[in-house]
**Student:** 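Here it is: the structure, laid out below.
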Amino acid sequence: MAILSVRHVSRAFEGLIALNDVSMEVEAETIVGVIGPNGAGKTTLFNLLTGFYRPTSGEIWFEGKRVDGLPLHRIAAAGISRTFQNIRLFSNMTAIENVLVGSHLHLSTNIATAILRLPFTVKQEKRAVQSAVETLRFVGLAGRENELAWNLAYGEQRRLEIARALAVRPRMLLLDEPTAGMNPGESVDMIRLIRALRDDLRMTVVLIEHQMRVVMGVCEYITVLDHGEKISEGRPEDVQKDQRVIEAYLGTGALLSEGAS
Amino acid sequence: MKIGKRALLLAAMLATLTMVLAACSSGTSSKDKTATAGAGGAKTPAAGATTAATKAATGAAGSITVKKGDKIKIGISTTLTTDNAELGIPIRDAALLAIKTKGTIKGFGIEGDPQDDGCAGPASVTAANKLIADGVVAVIGPMCSGGAVAALDPLSGANMLTVSASATNPSVTAQGKKNFFRTAWNDATQGAEMAKYAYTTLGKKNVVLVNDQSTYGKGLMDVFKASFTAAGGKVASEEAVTVGEKDFGPTVTKIKGESPDLVVFGGFIAEGAVLVRQLKDAGVTASFMGADGIADQKYIDQSGGAAEGSYVSRGPKPTDTKLYDAFAAAYKAEYKKDAGQFTEQATDATNIVLAAIEKVATVDGSGNLVIDRQKLIDAVAATSYAGASGQIDFDAKGDRKVVGAVNEIDQVKSGKLTRIQ
Amino acid sequence: MQEWIQLLIDGITIGGVYAVIALGYTLVYGVLRMINFAHGELFMMGAFTGYYTLNGFEKHSSLNDSVPVLTIAIAIVLGMVVAVTLALVMERIAYRPLRRAPRLAPLISAIGVSILLRNIMLRATNAQGKVYPKVFPRTAVEIGEIRLLYVQIFLIVLSFVFLGLLYLFIQRTKAGVAIRAVAEDRDTASLMGINVDRTIMTTFAVGAALAGAAGVVYGMFVTTATSGMGFIPGIKAFTAAVLGGIGSVPGAMAGGYFLGISEAISTKFFGAQYKDVVAFVLLVAVLIFRPWGLFGKREDKRA
Amino acid sequence: MKGSGSLSSLRAALDPGRYWSRAGEQLQTTTSGAAVARFGQYAVLPLLAIAGGLGPSYFGIRWTFAILVIVMYALLRSRSGLFGMVVLGAMLVYLPHQMDTFERGIMFDIALYALLGIGLNVVVGYAGLLDLGYVAFFASGAYLYALISAPQFGGGFDVGTSFWIVLPMAMVLAALVGIALGVPVLRLRGDYLAIVTLGFGEIIRIMINNQDGVTNGPVGVFAIPKPHFGSTELSGPVELYFVVLAGCFVAAFAAERIRDSRVGRAWEAIREDEDVASSMGVNTTAYKLMAFAIGAAIGGGGGVIYSAKQSAVFPSDFNLDVSINVLALVIIGGMGNVRGVILGAMLLIGLPEVLRDFSINIAFIHLDNLGADYRLVIFGAALVAVMILRPEGLLPARRRQAQFEPADVLEPEVAT
């Protein structure tokens with residue numbers, strides 16, 4: 001049963017077509033990779049899925065519910081959460097506060113209860129802190145709770161973004177280049193983390209990735225975009241052999257050299 | 001554990017509350033104390049006029065004591081900042097000149113204490129509080145009607161004699177404060193006189209009213225409208241200008257479209273001069289009439305010649321102008337410029353106050369000057385004074401009685417205000 | 001009909017002034033993302049410079065009568081010089097140290113400068129409005145009921161000329177390109193070898209020159225200069241800049257004229273006391289449909 | 001374990017506005033020593049208060065004001081925030097009794113503007129929405145009370161008690177006005193919002209000025225009755241000063257608690273990155289409206305008190321300057337920070353008034369009216385100077401981070 005269904009979605013920017021009639025299905029509890037050369041429309045697709053953009057045409061369905069055109073917070077409530085290619089943390093807030101913002105939907109404090117600070121509010125808040133601490137530990141940021149986000153190292157910031165996205169408790173998590181700028185050791189950690197998300201938390205994960213080692217290592221299914229169109233999809237080993245994919249990557253060398261290794 | 005935490009919090013809140021309440025009650029007692037000190041003010045240690053005790057003493061209702069060697073302070077509440085200072089500074093200067101001319105009262109020197117009242121409620125209240133605290137004997141001002149209405153709250157609380165030279169709106173005396181008088185004319189008097197003059201003498205039947213959206217301007221035009229329409233005239237439209245703007249093009253175009261035979265303006269110099277000039281520029285041939293807000297040479301100067309022929313009401317005036325001329329000459333000699341609008345009322349107000357002080361002040365055994373506030377007010381209420389702005393007698397509300405005066409109307413002829421009625 | 005044309009002309013007259021001042025707001029906003037609250041005061045300083053210059057000529061020579069073109073030109077140039085100097089001093093002292101400060105710090109600093117300049121001039125003039133000597137004859141062109149003062153025509157034409165020149169400056173000159181580049185992305189511009197400090201100063205100077213010149217010509221039109229005269233046009237110009245899309249040069253122009261004309265027309269319908277209400281309601285209406293202003297760049301969600 | 005738990009509870013209880021205590025490390029190391037030190041501080045308190053209270057008699061208002069500001073600045077910047085607040089509170093409560101009418105009037109104005117600042121701070125400081133029309137809410141509160149209670153309009157209400165009824169009414173009304181303004185404009189960003197709110201403030205003032213039938217127009221509403229507290233008439237600035245002060249306490253307490261909750265986190269996230277906040281599930285429109293409504297309610301309450309104290313209100317009382325002043329004091333004090341707001345109010349509202357007496361008389365230089373004439377010049381220069389010297393404000397929001405401490409979380413969880 002497909003958790004996500006993208007149907008003939010297009011998006012144009014002032015005449016420039018960034019995404020053209022793309023359809024795709026994502027099965028629940030799978031790890032799906034979206035790849036393609038620069039400017040292929042991968043991030044545009046993510047932005048459409050999470051409501052940052054509205055499709056020019058086409059529909060997006062998530063768990064049997066149409067989500068395109070919904071405001072961002074409704075999409076988050078529907079169960080989709082994401083990270084960003086150029087990290088967008090709340091940089092003047094601490095790590096744990098970032099995660100607590102992620103758990104916004106699962107808390108109920110309003111103005112009145114905040115002022116009165118009723119026992120159940122205090123309890124709920126403590127539980128939220130506890131689970132935020134656990135989430136940070138899960139992504140490997142134990143002990144960094146009180147650090148301001150912009151003080152964290154680059155790799156830590158990526159992981160904090162994931163922690164924040166996890167705190168939303170999504171059923172589908174979109175990761176935009178989770179290993180960008182990481183050294184091989186960190187990338188391996190990240191692969192392990194992504195697997196754990198699916199295996200332990202039973203999440204569906206969609207990721208955009210340039211490092212083919214990561215893509216081939218972790219993804220069970222791959223969609224390839226080029227110039228805003230879907231040119232191929234399938235299991236990693238099939239996609240790798242697809243003539244159109246090889247052509248699209250010609251000159252970049254990325255697929256051949258890294259994929260072969 | 002949790003209960004303990006909340007109990008502590010509660011305790012902290014209660015403590016705060018207690019503190020506030022305790023302070024409240026002690027507030028009353030402390031105020032009472034100062035009032036008592038005021039009655040026996042002579043006992044205040046001679047620690048200089050800045051001590052809180054002395055200030056409290058002079059601020060209290062009963063009487064005021066000026067110690068031997070100190071000066072009698074006269075408060076001047078007028079506008080010293082913003083463009084309205086154009087009116088406020090000459091008022092201050094006129095009051096200071098009157099104080100300087102008077103010199104001493106019973107051997108005590110006199111000094112003015114000018115405070116900026118911003119021509120508005122909040123700043124006028126602050127200025128009033130400042131003057132009360134400074135221990136002034138009386139206040140000349142506040143300059144503007146709105147400010148006067150607001151400032152009368154603290155001023156009457158301190159039973160402070162207050163004489164305004166320029167707050168003209170009916171609302172100021174309508175409050176019924178016993179400590180307030182004005183040497184300016186109530187707009188109710190002036191507006192009605194203006195309407196009568198326009199309708200009967202000038203024979204104008206179709207007018208456009210323009211106000212500057214201020215208490216004074218709007219209030220005056222409301223009175224004018226009521227009297228003018230009651231007499232049978234027609235108000236074609238009521239327009240407004242915004243203080244601080246310099247281009248009233250669209251308003252002028254609209255006035256032109258109404259083809260009135262008279263344009264009446266309620267407001268001050270800056271806007272009046274611009275308006276009359278732009279009316280002329282636009283080819284509006286209707287006569288122009290303003291009131292004491294523009295009764296000033298600066299109005300003519302700033303209009304660049306366009307003011308020629310306009311009618312200016314100066315409020316009721318005696319036909320004999322000798323006293324005014326003498327004042328104007330003295331003002332010019334002192335400040336090297338012409339006496340501005342409201343300056344004659346300011347000098348009269350100051351003189352009335354000084355005369356009243358002279359009348360009621362007594363020197364006590366230790367050589368201090370004692371002035372009873374209520375007696376001072378009563379003295380002013382009984383004033384009959386021939387001043388630069390004419391004969392001044394006050395009615396029960398503190399307004400000037402119209403005795404032996406007619407509404408003076410000037411016309412601008414050859415760049416000068418020339419009396420025609 | 002003629003009344004409507006007259007109203008339109010009234011609107012264009014004041015609208016042109018708003019537009020010229022708005023350009024200063026929009027340019028500075030473009031490069032610094034700050035609202036220069038003191039910009040209206042540069043306009044006021046221009047008007048005073050114009051007064052002092054022309055009054056000086058009036059008192060000490062007969063040039064105002066013999067070659068008014070010359071004295072007016074000198075007054076305008078001096079107005080620009082004074083405004084530019086002030087703007088550069090302002091930038092150096094009050095804004096540059098705050099370039100990396102929190103976003104609202106320069107706003108407060110600018111408000112401080114605005115209060116400072118207004119009150120210095122108030123004291124310098126002892127609160128007396130200064131009346132321009134008669135340089136321009138106050139005669140008018142008449143077409144039926146429509147009247148246009150010569151000085152008004154001068155003001156209208158000059159604002160068009162300024163707008164045109166500025167547009168060319170921004171589009172065609174190297175400095176203009178630099179301004180646009182800094183407005184687009186300060187850091188990238190700096191990497192590409194553009195001297196950001198100098199470009200920001202140029203921006204302030206250009207905006208101030210326009211405001212100063214506008215002050216002189218407006219002063220001649222309304223024939224007075226007072227210390228408070230910059231405040232309302234400043235606020236209106238800010239409104240115009242936002243209406244047009246703050247940061248956009250054609251937007252500031254369009255916003256200025258739009259505001260001026262809407263004020264004129266609403267005066268006819270509702271009276272001048274409500275013209276600001278109408279102007280602001282229109283502003284909200286425009287922004288509801290185009291949150292980025294008439295000509296502003298559409299800022300999508302920054303994804 | 002139990003010991004440390006009770007200590008943290010104690011700290012939590014003492015520290016208003018937060019229960020993740022920040023100053024943990026000070027106390028945790030030498031618990032008893034610190035406790036002694038803390039009680040020592042409390043002993044100093046009355047001494048300080050007396051010194052501050054007697055100040056005006058000996059030094060005059062100008063110096064006392066300067067000393068007060070410096071002492072407060074030092075206290076509030078020190079790490080013992082609670083202590084600073086208590087001293088400040090004691091001084092604020094005690095000082096007015098030592099003051100004359102003028103100084104009390106200033107204290108009232110300072111407290112009133114501090115209250116407005118606390119309200120605007122919710123909008124600008126917490127949620128990051130630049131509001132240049134805050135005066136609108138202040139005006140609606142002031143006029144509501146004025147119109148209901150002034151005899152000009154029949155004064156149908158029992159004036160003795162109406163104040164306490166009108167106060168919450170006005171807060172609700174102002175909140176509704178805030179929401180009404182917010183709905184159409186909240187999708188605007190930054191400076192667009194600034195000019196629209198500015199326009200809104202002007203619209204309210206113009207409407208009050210021109211709807212003569214309802215508001216009496218520019219002539220204003222006067223003879224507004226003073227409120228009663230029980231049988232006591234709160235007639236002078238000092239009595240109403242305490243009403244405002246109590247209002248400040250309540251507003252600051254509520255504001256800080258909201259800020260330290262989920263709501264405050266959502267605001268902060270919106271301020272940092274609105275779109276990302278939204279994609280984390282924060283309904284940004286609703287939360288911005290909430291900020292507007294709370295800020296507006298506080299402004300409306302301030303308006304009621306202002307109206308009662310002033311006894312006469314005019315449309316011109318509610319011009320743009322009020323909005324600008326409140327915004328400036330919030331930023332000068334240090335945005336997002338209640339203490340900063342109080343200090344900002346002292347400087348911005350107090351300074352121009354204290355400068356009234358400023359004069360220079362040295363040798364042959366006699367500038368007697370320097371303060372009266374030039375106070376706004378000095379004020380303008382001071383604004384610039386403060387911003388250049390302290391761009392973050394005098395008391396930068398020492399960001400209250402939700403400090404995670406194992407003891408806070410684990411103890412109750414273990415128990416359950």
Side-chain angles (χ1 to χ4, degrees), chain C residues 29 33-35 37-38 90 93-120 122-123 231 235 238-239 241-243 245-247 270-271 273-277 279-281 283-285 287-288 291-293 296 299 301-303, chain D residues 124-125 128 130 132-133 181 184-185 187-196 198-207 209-210 273-276 278-279 320-321 324-325 327-332 335 373-393 396:
Chain C
Y29 185 86
R33 296 280 180 273
M34 79 164 264
I35 304 164
F37 234 88
M90 230 152 79
I93 294 176
Y95 306 149
R96 194 181 297 177
L98 296 175
R99 217 170 277 166
R100 298 280 168 191
R103 196 168 64 91
L104 293 179
L107 177 73
I108 300 304
S109 187
I111 289 173
V113 172
S114 162
I115 295 174
L116 186 67
L117 287 179
R118 240 183 298 154
N119 283 284
I120 286 177
L122 184 79
R123 301 275 62 116
F231 191 70
I235 297 284
F238 176 26
T239 312
V242 170
L243 190 62
I246 194 158
F270 308 103
Q273 56 269 52
Y274 289 109
K275 71 180 161 56
D276 293 352
V277 174
F280 283 118
V281 168
L283 174 76
V284 173
L287 291 182
I288 283 173
W292 49 92
E299 266 188 59
K301 295 201 172 79
R302 292 157 301 144
Chain D
V124 180
L130 182 51
L132 283 177
L181 162 70
V185 303
R187 59 196 205 109
L188 303 176
R189 277 164 203 272
D191 305 297
Y192 289 78
L193 187 63
I195 189 69
V196 170
L198 185 154
F200 182 70
E202 286 291 284
I203 287 174
I204 295 276
R205 184 182 58 77
I206 294 169
M207 291 321 254
N209 206 30
N210 287 295
D273 191 330
E274 185 178 336
D275 295 326
V276 175
S278 181
S279 88
L320 181 59
D321 291 353
I324 289 180
N325 269 335
L327 180 69
L329 73 87
V330 167
I331 294 166
I332 287 232
M335 214 165 62
D373 287 354
Y374 286 86
R375 64 199 180 96
L376 292 182
V377 175
I378 301 170
F379 177 68
L383 275 189
V384 178
V386 170
M387 278 294 101
I388 291 171
L389 297 175
R390 299 199 65 91
E392 312 257 336

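Chain letters run A, B, ... following the sequence lines, proteins first and then strands; every chain starts at 1.
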**Student:** Using non-hydrogen atoms and a 4.5 Å limit, figure out which bit of D:L188 sits close to chain C: side chain, backbone, both or neither.
**Tutor:**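 The side chain, not the backbone.
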**Student:** What closest approach, in Å, do D:V377 and C:R123 show between heavy atoms, and which atom pair accounts for it?
**Tutor:**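 Taking D:V377 first and C:R123 second, the nearest heavy atoms are CG2-CG, 4.5 Å.
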**Student:** Is it the backbone or the side chain of D:F379 that comes under 4.5 Å from a heavy atom of chain C, or both, or neither?
**Tutor:**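 Contact with chain C involves the side chain of D:F379 alone.
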**Student:** Measure across D:A381 and C:L116 and return the closest heavy-atom pair with its distance rounded to 0.1 Å.
**Tutor:**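 Minimum heavy-atom separation between D:A381 and C:L116: N-CD1, 3.7 Å.
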**Student:** Quick one: what part of D:V276 sits under 4.5 Å from any heavy atom of chain C, side chain, backbone, both or neither?
**Tutor:**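 Neither; nothing under 4.5 Å.
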**Student:** In terms of heavy-atom pairs under 4.5 Å with chain D, which of C:V281, C:V284, C:T239 leads?
**Tutor:**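 Most pairs with chain D among the choices: C:T239.
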**Student:** What are the two closest non-hydrogen atoms of D:V384 and C:S109, and how far apart are they?
**Tutor:**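 For D:V384 versus C:S109, the nearest heavy atoms are CG2-O, 3.5 Å.
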**Student:** At what distance, to the nearest 0.5 angstrom, does CD1 of D:I388 lie from OH of C:Y95?
**Tutor:**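 It comes to 10.0 Å.
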**Student:** Looking only at non-hydrogen atoms, find the nearest pair between D:M335 and C:L104 and report the distance.
**Tutor:**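 Closest pair (atom of D:M335, atom of C:L104, distance): SD-CD1, 3.7 Å.
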**Student:** Among the options C:D276, C:L243, C:I115, C:I120, pick out the one with the most heavy-atom pairs lying under 4.5 Å from chain D.
**Tutor:**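 Result: the option with the highest number of such pairs is C:I115.
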**Student:** If every non-hydrogen atom of C:A105 is compared with every non-hydrogen atom of D:P391, which pair is closest and at what distance?
**Tutor:**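 Heavy atoms of C:A105 and D:P391 come nearest at CB-O, 3.5 Å.
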**Student:** So which of D:V124, D:V185, D:L130 has the biggest tally of heavy-atom pairs under 4.5 Å with chain C?
**Tutor:**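 Between D:V124, D:V185, D:L130, the count favours D:L130.
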**Student:** Please check this pair: side chain of D:Y192 against backbone of C:I246, looking for a donor-acceptor N/O pair closer than 3.5 Å.
**Tutor:**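 Confirmed, D:Y192 side chain pairs with C:I246 backbone.
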**Student:** Which bit of D:I203 comes within less than 4.5 Å of chain C, counting heavy atoms only: side chain, backbone, both or neither?
**Tutor:**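 Both backbone and side chain.
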**Student:** Sort C:L122 into side chain, backbone, both or neither according to what part of it lies under 4.5 angstrom from a heavy atom of chain D.
**Tutor:**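 Neither part, no heavy atoms under 4.5 Å.
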**Student:** Can you check side chain to side chain contact (heavy atoms under 4.5 Å, CB included) on D:M207 and C:V277, steps first, answer last?
**Tutor:** CA-CA 8 Å; D:M207 291 321 254; C:V277 174; 4.2 Å; yes
**Student:** Any chance you could measure C:N119, atom CG, to D:I378, atom CD1, to the nearest 0.5 Å?
**Tutor:**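 With rounding to 0.5 Å, CG (C:N119) is 10.5 Å from CD1 (D:I378).
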